[in-house]
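Values reported hereafter were calculated over all heavy atoms of this structure, with side chains retained and with hydrogens, waters and symmetry mates removed.
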Amino acid sequence: ALALVEHGDFDVVLCDYRLAAETADDVIAGFERVAPQLIARTVIATGATTDPGVLDLTGRYGLKLIAKPYGADDLAALISDAGSIAASVN
């Protein structure tokens, strides 16, 4: 994710909380360094919606949370919401 944001901007970032070698906390920390504007556009995806780490991260940054399993309609709504937010900021 961090390598991609060095070369472009994104309206929305969907980030799984538990990644192969890190957590979304690490991604957000990287965004703070290289692309802080993406923090507010990040949605955390997880099946562990009551996990203390998830709740801390989403609460600390005001991030949206999408619970697994989610469907195409859920993703379409996220993208639509993100587009509205991006348009109001620009």
Side-chain angles (χ1 to χ4, degrees):
L2 297 179
L4 290 172
V5 301
E6 290 178 4
H7 303 288
D9 199 19
F10 298 88
D11 290 335
V12 66
V13 175
L14 180 61
C15 183
D16 201 313
Y17 182 73
R18 290 191 179 100
L19 304 166
E22 57 195 1
T23 66
D25 296 271
D26 301 310
V27 174
I28 297 298
F31 285 174
E32 284 184 309
R33 290 189 308 275
V34 299
Q37 76 281 4
L38 291 181
I39 295 172
R41 301 179 202 167
T42 300
V43 178
I44 303 299
T46 186
T49 57
T50 60
D51 180 284
V54 171
L55 297 175
D56 178 61
L57 180 67
T58 56
R60 190 170 1 123
Y61 292 98
L63 303 176
K64 290 183 182 180
L65 179 66
I66 187 169
K68 293 180 182 179
Y70 49 84
D73 290 343
D74 300 313
L75 293 176
L78 281 176
I79 293 166
S80 177
D81 290 348
S84 298
I85 292 167
S88 70
V89 172
N90 293 330

Residues 12-24 side chain polar contacts: donor-acceptor under 3.5 Å, at least two apart:
from: Asp16; atom 1: OD1; to: Arg18; atom 2: N; distance (Å): 3.3
from: Asp16; atom 1: OD1; to: Lys68; atom 2: NZ; distance (Å): 3.4
from: Asp16; atom 1: OD2; to: Lys68; atom 2: NZ; distance (Å): 2.4
from: Tyr17; atom 1: OH; to: Asp25; atom 2: OD2; distance (Å): 2.9
from: Arg18; atom 1: NH2; to: Asp51; atom 2: OD2; distance (Å): 2.7
from: Thr23; atom 1: OG1; to: Asp25; atom 2: N; distance (Å): 3.2
from: Thr23; atom 1: OG1; to: Asp25; atom 2: OD2; distance (Å): 3.0

Taking only distance into account, with no hydrogens and no angle test, what donor-acceptor pairs under 3.5 Å do side-chain atoms of residues 1-9 form with protein atoms, sequence neighbours excluded?
from: Asp9; atom 1: OD1; to: Gln37; atom 2: NE2; distance (Å): 3.2
from: Asp9; atom 1: OD1; to: Arg41; atom 2: NH1; distance (Å): 3.1
from: Asp9; atom 1: OD2; to: Arg41; atom 2: NH1; distance (Å): 3.1

To check you understand the geometry: which heavy-atom pair defines the closest contact between [X] and [Y], and what is its length?
{"X": "Thr49", "Y": "Leu55", "value": "O-CD2, 3.3 Å"}
{"X": "Val34", "Y": "Pro36", "value": "C-CD, 3.8 Å"}
{"X": "Leu38", "Y": "Thr42", "value": "O-OG1, 2.7 Å"}

Contacts of Asp56 that satisfy salt bridge (charged side-chain N to carboxylate O under 4.0 Å, His left out) - sequence neighbours left out:
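If we apply the salt bridge (charged side-chain N to carboxylate O under 4.0 Å, His left out) test to Asp56, skipping adjacent residues, the hits are Arg60.
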
Does the side chain of Ile79 reach to within under 4.5 Å of the side chain of Asp11, using non-hydrogen atoms?
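Ile79 does not reach Asp11 side chain to side chain.
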
Report yes if some heavy atom in the side chain of Val43 is under 4.5 Å from a heavy atom in the side chain of Asp81; otherwise report no.
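Answer no - side chains too far apart.
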
Hey, what do you get for CG (Leu78) to CD1 (Ile66), rounding to the nearest 0.5 Å?
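Leu78 atom CG to Ile66 atom CD1 measures 4.5 Å (nearest 0.5 Å).
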
Please say yes or no: joined through hydrophobic side-chain contacts below 4.5 Å, possibly via intermediate residues, are Val54 and Tyr70 part of one cluster?
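The answer is no; the residues belong to distinct hydrophobic clusters.
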
